[in-house]
Amino acid sequence: MAGVLIYSDKQNISLELLTAAQLLKNGTGAKINALTVNNDEQAAILSGSGADVVYKVTDADVSLADSNIIAEIVKQAAEKAEADIIFLGSNRRGKELAGRLAQKTEAGCLTDVGGLALEGGTIECTRNSLGGATVARQQITTSKKVIALSPHSFEAAGSAAAGNTLELDIMKPDITSKLVEVKNRSADAVDIQNAEVLVIVGQGVEKDDLVHASAIAKALGGEVACSKPVATDKKWFSEDFIIGLSGKQCRPQLAIILGVSGQVQFTVGIRDAHVIAAVNNDENAFIFQLADYAMVADSKDVLAGLAKALS
Amino acid sequence: MNIVVAMKQIPDLQQIRIRERKPVLSGVPLTFGLIDKNALEAGIQLKEAVGGNLIVVSAGNEELEETVKEALAVGADEAYLAADNALAGLDSSQNAQILAALIRKIDTPDIIIFGEGSGDNYSGQVGTRVAEILGLPSVAYVSRIEVKDHTARLVRSLEDADELIEVQLPCIITVLGDINEPRLPSVTQVLKAGKKRREVFALSDLGIELSAKTISTISDLAPVSQRKQIAVKSLDELLNVLQTEGFLRR
Ligand SMILES: Cc1cc2nc3c(=O)[nH]c(=O)nc-3n(C[C@H](O)[C@H](O)[C@H](O)COP(=O)(O)OP(=O)(O)OC[C@H]3O[C@@H](n4cnc5c(N)ncnc54)[C@H](O)[C@@H]3O)c2cc1C
């Protein structure tokens, strides 16, 4: 099988892509190529983590914010490496790149891919469909393929024997957009995707009771997360804490879900949790269909009571 | 200024039932995706700010003329539609070809607005594919739009940063689902919507050779939920559960 090229500007994501690429290599012998743009440190790490060849592009005029230029670079790297398959990260940067790149290379493309399998030498992707109501198993039928993999779907690759590193000269297209300013959003130190225990609050929780949710999370060694409207409408949390289709997909050991109705756009983000306990005052709430433990109660009482019992 | 908004006709997700793990789509009404409505609202707000003509483009089956009424009622001035039953169930690359062909029929499109992802597939590739086909610059995940002197000043919101970007028009942008709160049409607007101009094209009118599907779907099933669904009646029972599942570390 032809080679595979992986690219993400985020180091942790690129290491996950290497793990996915390794799966292809084991199954088909595909050579693993990686690309970095203006990032020598990442090139060194990828080279020591299983990439057979790392192509380095160094050009101070190239901005990661210009998806057209990055797509052009990835295309040229893939041609150089003779890689028909390109893995990208399915974060916003990666998804923006995916469509452009697929069109440039006449590739079929799938984004938000959560799982890969080889079926008779063909790559089969799993991804949510119909807003998360279903999970589709899909194959790209063109010879060129662009696949964007959801962050945290694969383990990061560990260290391995060093591969080759090559400088890649590129032909740059015209610059079409200008990056005027970057404001880093105060990156919350917490990443809910790494938490073993999540206490998740929805619109059926009152603001005064959030202290109890935090106390419970702390006592259980976990974090607090929320449904989308709690962040986007009520603004009690930043968007980094949203569980679901447009937030994060998490697989904690335990999720305690309070005052969440359980719409499918929410449940896609938590349905792979190991144990789920749900609290809702409506006995017919959808969330109970997803629960190992279902408690019909007022979130106020449960939050205060649990916080007290665990303190 | 010509402001173009691309919208996708999809089944109303709220009304899809699952039977034997399969989604039941028959009888489910067609609508536009929710984020597409944010894209439309962004177009309306831009028109209110700088003036111009607001055009909706969409591809879908023959019911599309009906589906588009809602967008015309809310504030679009006209619609360019590829309505053909041969256009149901297209994949992203095919959708992009159709939308690009429709946009080419518009005299001097200045800014073309997509949602960050469609309601059903949410793959987020069509906007940038269309940009590549038309040779236009593009910026995705936009949370703020300002247009002045043929330049768009845009904020792209990434997971960890906001970027202020300037691009020359014409350009393509995709907007985030929380960029705005879409307005609802008034009754008079709904009544007037039927009279607004609609240019309807069949696939054969578009002058393109639609390429083959690039994606094949092996199966599309609701995930099986194997949850215990044990009723917990009291706080003590809940604490017991946490204890037996091994989450209390004392
Ligand atoms: C394209 C798209 C993407 C989306 N992405 C996401 C996403 O990523 N994440 C997400 O969460 N949503 C997402 N949504 C929104 C989703 O459809 C739901 O609207 C949302 O999850 C509802 O949040 P909620 O359950 O907190 O609120 P509600 O639906 O308002 O539910 C509140 C629940 O609390 C219960 N309740 C009320 N009072 C109490 C009480 N005192 N004690 C106990 N229970 C109580 C009620 O019975 C109800 O079940 C998305 C929607 C779309 C269209």
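Residue numbers start from 1 in every chain, and the chains themselves are labelled A, B, ... in the order their sequence lines are given, proteins ahead of strands.
Contact annotation for B:Ser118: neither backbone nor side-chain heavy atoms come within less than 4.5 Å of a heavy atom of chain A. At a 4.5 Å heavy-atom cutoff, the contact between A:Ala291 and chain B is made by backbone atoms alone. With a 4.5 Å cut-off on non-hydrogen atoms, B:Thr174 does not touch chain A at all. Using a 4.5 Å cut-off between heavy atoms, A:Ala71 makes no contact with chain B at all. At a 4.5 Å heavy-atom cutoff, B:Lys22 makes no contact with chain A through either its backbone or its side chain. Of the two parts of A:Gln263, only the side chain, counted from C-beta on, holds a non-hydrogen atom closer than 4.5 Å to a non-hydrogen atom of chain B. Neither the backbone nor the side chain of A:Lys308 comes within contact range of chain B; no heavy atom of the residue lies under 4.5 Å from a heavy atom of that chain. Both the backbone and the side chain of A:Gln289 have a heavy atom closer than 4.5 Å to some heavy atom of chain B. Only the side chain of B:Leu176 comes within less than 4.5 Å of a heavy atom in chain A; its backbone stays farther off. Using a 4.5 Å cut-off between heavy atoms, A:Phe288 touches chain B through its backbone atoms (N, CA, C, O) alone. Residue contact with chain A, scored on non-hydrogen atoms closer than 4.5 Å, is absent for B:Glu237. Contact of B:Ile133 with chain A is made through backbone and side chain together, with heavy-atom distances under 4.5 Å. Heavy atoms closer than 4.5 Å to chain A are found in both the backbone and the side chain of B:Ile215. The contact between B:Ile16 and chain A is made entirely by side chain atoms (from C-beta outward), counting heavy-atom distances below 4.5 Å.
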Take A:Met295 and B:Val241, measure what side-chain contact (heavy atoms from CB on, under 4.5 Å) needs, and give me the verdict at the end. CA-CA 11 Å; A:Met295 185 170 179; B:Val241 163; over 6 Å; no
Take B:Ile10 and A:Leu130, measure what side-chain contact (heavy atoms from CB on, under 4.5 Å) needs, and give me the verdict at the end. CA-CA 9 Å; B:Ile10 61 164; A:Leu130 291 176; over 6 Å; no
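A cation-pi geometry, defined here as NZ or CZ lying under 6.0 Å from the six-membered ring centre and within 45° of its normal, does not hold between A:Lys95 and B:Tyr141.
Of all non-hydrogen atoms in B:Val167 and A:Ser177, the two that sit nearest each other are CG1-CB, 3.2 Å. Of all the heavy atoms in B:Arg227 and A:Asp292, the pair that sits closest is NH1-OD2, 2.8 Å. Between B:Phe247 and A:Leu220, the shortest heavy-atom distance links the atoms O-CD2, 3.5 Å. For A:Arg100 against B:Ala131, the heavy-atom pair with the smallest separation is NH2-CB, 3.4 Å. Minimum heavy-atom separation, A:Gly305 to B:Leu235: CA-CD2, 3.3 Å.
The number of heavy atoms from other shown groups lying within 6.0 Å of CZ (B:Arg17) does not exceed 12. Residue-environment remark: CD (A:Glu181) exceeds the threshold of 12 foreign heavy atoms within 6.0 Å. In A:Lys178, the NZ atom is not crowded: 12 or fewer heavy atoms of neighbouring residues, nucleotides or ligands sit closer than 6.0 Å. The neighbour count for A:Lys144 NZ, taken as heavy atoms of other residues, nucleotides or ligands under 6.0 Å away, does not exceed 12. Open room surrounds CD on A:Glu106; 12 or fewer heavy atoms of other groups in view lie less than 6.0 Å from it. Crowding of A:Lys300 atom NZ: a count of heavy atoms from other residues, nucleotides or ligands under 6.0 Å exceeding 12.
Looking only at heavy-atom pairs under 4.5 Å with chain A, the residue among B:Lys228, B:Gln14, B:Gln125, B:Glu132 that has the most is B:Glu132. Heavy-atom pairs under 4.5 Å with chain B were tallied for A:Gly108, A:Gly131, A:Cys109, A:Ala98; the largest tally goes to A:Cys109. Residue with the most contacts toward chain A among B:Ser138, B:Gly127, B:Gly177: B:Ser138 (heavy-atom pairs, distance under 4.5 Å). Note: A:Thr111 leads A:Val146, A:Asp112, A:Thr111 in heavy-atom pairs under 4.5 Å with chain B. Heavy-atom pairs under 4.5 Å with chain A were tallied for B:Asp236, B:Thr217, B:Leu242; the largest tally goes to B:Thr217. Here A:Thr134 is the residue among A:Leu179, A:Leu110, A:Thr134 with the most heavy-atom pairs under 4.5 Å with chain B. With respect to chain A, the highest number of heavy-atom pairs below 4.5 Å among B:Lys233, B:Arg156, B:Gln168 belongs to B:Arg156. The candidate with the highest count of non-hydrogen atom pairs below 4.5 Å against chain B, out of A:Thr126, A:Ile140, A:Leu97, is A:Ile140. Note on A:Gln138, A:Arg92, A:Glu96: by heavy-atom pairs under 4.5 Å with chain B, the leading option is A:Arg92. The choice from B:Gly246, B:Ser216, B:Ala222 that makes the most heavy-atom pairs within less than 4.5 Å of chain A is B:Ser216. Of all the listed residues (A:Thr176, A:Asn68, A:Leu101, A:Asp66), the one sharing the greatest number of non-hydrogen pairs under 4.5 Å with chain B is A:Thr176. Taking B:Val155, B:Leu238, B:Ile165, B:Leu221 one by one and counting their heavy-atom pairs under 4.5 Å with chain A, the maximum is reached by B:Leu221.
When side chains are defined from C-beta on, A:Arg127 counts as touching B:Asn121, because their heavy atoms get closer than 4.5 Å. In this structure the side chain of B:Ile218 reaches within 4.5 angstrom of the side chain of A:Glu124, judged on heavy atoms. B:Leu239 places a side-chain heavy atom less than 4.5 Å from the side chain of A:Leu310.
When only modelled atom types and interatomic distance are considered, B:Asp178 and A:Thr232 share no side-chain donor-acceptor pair under 3.5 Å.
With hydrogens and angles disregarded, no donor-acceptor distance shorter than 3.5 Å links the side chain of B:Thr214 to the backbone of A:Thr141.
Between B:Glu163 and A:Arg93 there is a salt bridge, since at least one side-chain N of the basic residue sits less than 4.0 Å from a carboxylate O of the acidic one.
With rounding to the nearest 0.5 Å, the separation of CD in A:Gln253 from CD in B:Glu245 is 10.0 Å.
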